[in-house]
Protein chains: 2
Amino acid sequence: MGSQVTLAQVAERAGVSLATASRVVNGSERVVGARFRERVLAAAEELGYTANTFAQAVARGRSDVVGLVVPDIQDPYFSVIAAAAMAVVEPSGEMMLGTTLRRQEQELRYVSTMRARQARAVIMVGSRTTDNTHTRQLAEAIAEFVAGGGRAVVIGQDKLGADTVLPLNRAGAKDLALALVDQGHRSFGILAGPSTLLTAKDRVDGFIDGLARRGRRPSVILHSDFTRDGGYQAMSQLLDRRTTPGCVFAVNDVMAIGAMAAVRERGVKIAVAGFDDIPTLRDVAPSLTTVRLPLEDMGRMAASMAMDEPGERRRVIRVKGEVILRDSTTLVRNA
Amino acid sequence: MGSQVTLAQVAERAGVSLATASRVVNGSERVVGARFRERVLAAAEELGYTANTFAQAVARGRSDVVGLVVPDIQDPYFSVIAAAAMAVVEPSGEMMLGTTLRRQEQELRYVSTMRARQARAVIMVGSRTTDNTHTRQLAEAIAEFVAGGGRAVVIGQDKLGADTVLPLNRAGAKDLALALVDQGHRSFGILAGPSTLLTAKDRVDGFIDGLARRGRRPSVILHSDFTRDGGYQAMSQLLDRRTTPGCVFAVNDVMAIGAMAAVRERGVKIAVAGFDDIPTLRDVAPSLTTVRLPLEDMGRMAASMAMDEPGERRRVIRVKGEVILRDSTTLVRNA
DNA sequence: TTGTAAGCGTTATCAA
DNA sequence: TTGATAACGCTTACAA
């Protein structure tokens with residue numbers, strides 16, 4: 001109950017004023033005389049004092065909280081980014097986690113609570129959608145947050161006017177398409193994810209573009225959730241068709257894994273490629289052809305921008321994906 | 001800078017006192033007259049007011065923050081639990097995430113900051129170790145936290161005197177050993193993880209116990225990190241030996257995946273079993289024999305206890321694992 | 001039902 | 001260098 005040790009208690013025990021105690025425990029360095037300094041430190045130690053960072057935030061008008069907003073922390077794409085961001089934030093800040101469960105209005109809510117709480121920064125890994133109304137509202141909320149002195153960093157599309165880490169989804173998917181055609185694949189399907197999700201859309205567009213450069217086009221494009229189950233379902237649906245392509249591009253690794261499960265269940269032979277190169281999935285067999293994004297770097301870079309002093313103008317860091325050809329698309333018999 | 005909308009501003013605009021504004025925006029229901037109520041709500045809406053939960057916490061002497069402490073949010077074991085816990089906490093609380101990177105002293109630090117901040121609850125998924133000094137200190141810190149009015153829930157070993165979700169690691173590993181022997185396996189190795197980690201130790205002990213019931217014992221036990229790379233290294237080391245067992249138990253799935261990668265690289269044929277049944281890995285091929293823990297339930301149960309009113313006495317919920325035999329241990333040629 | 005005012009644990013201004 | 005004391009944004013007796 002009343003067991004919270006307060007700075008006032010520390011001050012009393014050290015025989016100094018509250019102000020002095022505050023200075024030594026938190027404030028600037030040289031201001032307090034060595035004698036008092038030691039006494040305060042000793043008292044704090046004896047009492048087991050830990051600063052109440054909420055009270056500090058109220059008094060200072062700013063906090064060291066960084067809000068991380070992700071659609072789903074269980075998805076390895078986000079948990080890898082989150083872990084890397086944590087490592088950067090941890091030493092000097094605290095991380096508040098928000099998951100939107102892919103509901104857009106939650107993003108708005110988080111940004112405004114973070115603002116009310118004068119959080120130091122907010123990092124949004126939520127993927128942008130085609131919903132312009134929402135995007136505009138979110139951009140406004142972010143602008144307000146920044147106007148209030150906070151830092152905002154977005155990983156994904158560059159639509160929110162904030163500092164951004166921008167994976168080059170189109171280019172990566174295009175390169176993948178080229179590589180697959182050059183590997184000898186001739187007919188293609190796309191498991192395109194949700195039609196409203198820009199990340200998915202960019203990858204689809206890039207892939208189609210790449211195919212076009214080689215004079216080809218996908219024979220089928222199916223939409224589904226951006227999840228393992230989405231990939232499984234879409235692939236099952238694809239396999240129910242009369243003719244099936246020899247090679248299927250799933251717009252992310254998690255979907256690709258689901259798709260491969262469906263393929264395996266049916267005992268058919270279809271090449272599958274993904275996107276992201278999720279570390280946890282690097283050991284699956286057959287190993288997955290994919291486009292590697294430097295997820296850890298992305299998390300680190302976003303967090304670094306969040307912890308930096310705000311620059312003069314906003315930064316957009318582009319990160320490119322690297323095509324990794326592995327066994328899941330190796331042609332064996334169709335040669 | 002000063003763009004933070006304050007309750008005082010809302011009150012002024014609505015032409016009511018701060019107290020009244022506070023009552024309608026946050027406080028109890030029926031206390032405020034309908035007229036004033038509406039005016040306050042309108043003012044809050046117009047100004048875009050969002051409560052500063054930190055200030056609320058300071059004023060109330062308690063907050064709705066729940067601290068979640070995990071060794072590594074990238075590890076799917078923890079991210080699955082975290083996601084499930086989030087879903088329970090989210091509606092009425094906020095989640096603060098702490099990762100210890102498997103450094104024990106971090107756990108202590110988190111518990112005391114959570115205490116200083118009068119967090120509503122703390123959930124620790126950190127695994128217990130054989131370090132009794134640390135365990136005692138942590139138990140003390142938790143006791144203080146609870147004495148201060150907070151709720152503490154632990155997922156893992158029942159050593160900290162808090163409400164606990166306790167996976168029956170020994171029993172699960174024992175059942176696994178029995179099942180493997182009954183499947184026809186004859187010689188066994190164990191990738192035992194860190195020797196100081198109780199979870200790993202319990203699983204090793206249970207497995208050995210199970211083997212003993214069938215009159216067998218492991219021919220080799222190797223320690224390593226509790227990670228994918230740990231599994232890879234330990235298995236590589238094992239494969240360097242003159243004789244290798246026909247079946248290897250890795251004390252968690254992530255290690256098992258690393259071990260399978262090592263096996264595959266060498267082109268040898270060794271059965272591998274894991275523990276946890278990580279959802280993300282259910283689709284790997286060959287599918288992994290393992291002991292399924294209901295990770296999502298565990299996260300949900302822990303979070304529910306954290307959000308509950310404290311019960312009269314502490315609760316320990318035991319959850320049992322279920323052996324799932326899959327392809328990774330299927331005997332084909334050795335029959 | 002409403003308002004006044006005294007807190008909550010800190011920080012920060014301003015004298016001393 | 002130190003210490004009163006007024007903030008910070010909010011809640012909550014206690015009065016009115």
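Lettering follows sequence order; numbering is per chain, from 1. Values below: every heavy atom of this structure, side chains too, minus hydrogens, waters and symmetry copies.
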Which of D:dG9, D:dT12, D:dC8 is nearest the side chain of B:Asn52? It is D:dG9
A:Ala19, nearest nucleotide to its side chain (from D:dT11, D:dA4, C:dG9):
D:dA4
Can you tell which of C:dG7, C:dT2, C:dT10 lies closest to the side chain of A:Tyr49?
C:dT10
Identified side-chain contact (heavy atoms from CB on, under 4.5 Å) partner of B:Ile155 from the options B:Met301, B:Met298, B:Met124:
B:Met298
B:Glu12 has an atom CD; how far is it from atom P of C:dG3, in whole Å?
13 Å
Take the protein atom CG of A:Asn26 and the nucleotide atom P of C:dA12, then report the distance between them rounded to whole Å.
9 Å
When we call it a touch if two heavy atoms are under 4.0 Å apart, what does B:Gly61 touch: a base, just sugar-phosphate, or nothing?
nothing
Of the candidates C:dG3, D:dC10, D:dT2, the side chain of A:Phe36 sits closest to D:dT2
Among the nucleotides C:dT2, C:dT11, D:dG9, whichever has the atom closest to the side chain of A:Arg60 is C:dT11
Over how many whole Å does the gap from A:Leu7 atom CG to D:dG3 atom P extend?
13 Å
Which is more 5' along DNA chain C, the nucleotide nearest B:Val58 or the one nearest B:Ala21? Just name the residue.
B:Ala21
Any N or O donor-acceptor pair under 3.5 Å from the base of D:dG3 to the side chain of A:Arg23?
yes
Taking NZ, NE, NH1 and NH2 as the nitrogens, is one of them in B:Arg128 or B:Glu107 under 4.0 Å from a carboxylate oxygen of the other?
yes
Just to confirm, is there a sub-4.0 Å distance from OP1 or OP2 of C:dT11 to any side-chain nitrogen or oxygen of A:Ser22?
yes
Could you measure the distance from the CD atom of B:Gln157 to the OG atom of B:Ser127? Nearest 0.5 Å is fine.
7.0 Å
From CD of B:Gln9 over to C1' of D:dC8, roughly how many Å is that when rounded to an integer?
13 Å
Check this for me, if you would: do B:Arg151 and B:Asp308 make a salt bridge, where the nitrogen-to-carboxylate-oxygen distance has to be below 4.0 angstrom?
no
Just the rounded figure in Å: distance from P of D:dG9 to CZ of A:Arg115.
12 Å
By the 4.0 Å heavy-atom rule, please label A:Thr6 as base, sugar-phosphate, or nothing.
sugar-phosphate
OP1 or OP2 of D:dC10 under 4.0 Å from side-chain N/O of B:Gln56
no
Identify which nucleotide among C:dG7, C:dT2, D:dC8 has an atom closest to any side-chain atom of B:Thr20, counting heavy atoms from C-beta outward.
C:dT2
When you check the phosphate oxygens OP1 and OP2 of C:dT2, does a side-chain N or O of B:Ser17 lie under 4.0 Å from one of them?
no
Taking everything shown except A:Gln106 itself, do over 12 heavy atoms lie less than 6.0 Å from its CD?
yes
Between atom CD in A:Gln118 and atom C1' in D:dA7, what is the gap in whole Å?
14 Å
Assess, by modelled atom type and distance only, whether the side chains of A:Gln56 and A:Asn26 contain a donor and an acceptor separated by less than 3.5 Å.
yes
Round to the nearest Å and state the distance from A:Arg35 atom CZ to D:dT2 atom C1'.
13 Å
Find the distance A:Arg39:CZ to D:dG3:C1' and express it as a whole number of Å.
14 Å
